[in-house]
Amino acid sequence: MDVRVFDGKAAASKAAFNVIKDAMGNGIQTLGLATGSSPVDLYNDMTSSDLDFSKMTSVNLDEYVGLDTKNDQSYHYFMNEHLFSKKPFKQSFVPDGQAADIEQAAKDYDQIIEEHPIDIQLLGIGRNGHIGFNEPGTPFDEGTHKVTLTQSTIDANARFFEHEEDVPRYAISMGIGSIMKSKQIILLAFGEDKADAIKATVEGPVTEDVPASVLHNHDNVIVFVDEAAASKLSK
């Protein structure tokens, strides 16, 4: 696990962008994408660049169950606003949170990943160490699946909704096993509220209690953090 600390989110995001840019120069075909605040600066760097994604495929980590794709809190909407409307890909996949059969949709999504192996997977990290919506206790070999969100995740998401009861209770998420098939993984974490999760991920034991700790079992992971997120690391 290669941990790189920067003086701010913008500098860390630019460094992550440069990794992607270099990889595109070497012919990668598929990017795994994430939502949330962590990758926004990176997506801004992507959209303001001269890079052409029109021959590439994107595969997103997750989506809420039950939100219409036009809902401004859906991850379909987020990706279109921050990236796809400005830098379209040849094809872009986001889990179908409106499917009549979510379990079948999850199986179908893992088939998409098999058909489009992910060259670089972007990840954020939750305050409880979750990656995607893989909450603590998720088996490391889990494929794409329906997730019951923990109260801490619901609370963290509540600021984006007018009423707490509007916050989705379920999501469909790429599983840890699905994520670990990616050839390279980039984890982004910014701010003091991510410091405990980063310390547990980087310095703690590999345990299902901290889902991101599984990244120690992958041979090509770069962690981009600002000084605040790195503030509790011992070295």
Side-chain angles (χ1 to χ4, degrees), residues 1-62 75 78-95 109-125 131-132 134 144 173-190 194 198 201-202 212 214-226 229-230:
M1 188 180 289
D2 179 3
V3 181
R4 304 181 187 180
V5 182
F6 297 83
D7 61 5
K9 180 180 180 181
S13 299
K14 178 64 74 173
F17 166 79
N18 286 331
V19 170
I20 292 171
K21 180 179 179 180
D22 290 347
M24 288 177 65
N26 290 324
I28 65 168
Q29 298 296 310
T30 303
L31 284 178
L33 302 178
T35 53
S37 60
S38 296
V40 169
D41 281 13
L42 171 57
Y43 292 156
N44 288 341
D45 289 332
M46 291 167 71
T47 57
S48 62
S49 76
D50 60 1
L51 293 181
D52 180 10
F53 298 91
S54 64
K55 296 181 180 179
M56 294 183 63
T57 296
S58 69
V59 183
N60 258 76
L61 275 172
D62 45 24
Y75 290 164
F78 177 100
M79 292 307 305
N80 192 60
E81 286 290 299
H82 288 283
L83 185 58
F84 297 153
S85 63
K86 303 163 189 173
K87 287 284 189 178
F89 285 66
K90 178 177 68 175
Q91 51 188 347
S92 293
F93 298 100
V94 182
Y109 207 68
D110 273 334
Q111 184 59 40
I112 288 170
I113 296 168
E114 289 294 326
E115 294 169 0
H116 304 279
I118 296 169
D119 292 297
I120 299 178
Q121 175 65 59
L122 297 178
L123 297 176
I125 187 170
I131 48 177
N134 295 289
T144 302
S173 179
M174 200 185 289
I176 293 174
S178 312
I179 291 168
M180 292 291 283
K181 292 179 180 179
S182 306
K183 297 170 189 173
Q184 182 176 28
I185 295 173
I186 290 175
L187 175 67
L188 306 172
F190 309 115
K194 299 296 178 70
I198 287 298
T201 296
V202 174
V214 74
L215 299 178
H216 283 286
N217 296 338
H218 195 285
D219 62 6
N220 194 353
V221 177
I222 308 176
V223 179
F224 292 89
V225 290
D226 62 5

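In this chain, numbering begins with 1 at the start of the sequence shown.
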(message) Salt bridge or not between Asp226 and Lys9? Use side-chain N to carboxylate O under 4.0 Å.
(response) no
(message) Is it the case that the side chain of Asn220 and the backbone of Ile185 share a donor-acceptor pair, with hydrogens and angles ignored and the cut-off at 3.5 Å?
(response) no
(message) Please check: side-chain N/O of Asp119 versus main-chain N/O of Ile28, any donor-acceptor pairing under 3.5 Å?
(response) no
(message) So which atom in Met24 and which in Asp52 form the shortest heavy-atom distance, rounded to 0.1 Å?
(response) CE-O, 3.6 Å
(message) Closer than 3.5 angstrom, by distance alone: can the side chain of Tyr109 be matched with the main-chain N or O of Phe93 as a donor-acceptor pair?
(response) yes
(request) Hey, could you give me each pair passing ring-ring contact (aromatic ring centres under 6.0 Å, His included) that has a residue in residues 32-57? Not counting sequence neighbours. (result) Phe53-Phe89
(message) Any side-chain to backbone donor/acceptor pair from Ser49 onto Leu51? Under 3.5 Å, distance only.
(response) yes
(request) Determine yes or no for a side-chain-to-main-chain donor-acceptor pair under 3.5 angstrom, with His216 supplying the side chain and Thr201 the backbone. (result) yes
(message) Tell me if a side-chain donor or acceptor on Ser182 pairs with a main-chain N or O of Ile179 at a distance below 3.5 Å.
(response) yes
(message) Has Asp110 got a side-chain atom pairing as donor or acceptor with Thr144's backbone, closer than 3.5 angstrom?
(response) yes
(message) So Ile118 and Lys183, do their side chains get closer than 4.5 Å, heavy atoms only?
(response) no
(message) Angle between ring planes, Tyr75 versus Phe78, binned at 30° and 60°: parallel, tilted or perpendicular?
(response) perpendicular
(message) Has Asp22 got a side-chain atom pairing as donor or acceptor with Val19's backbone, closer than 3.5 angstrom?
(response) no
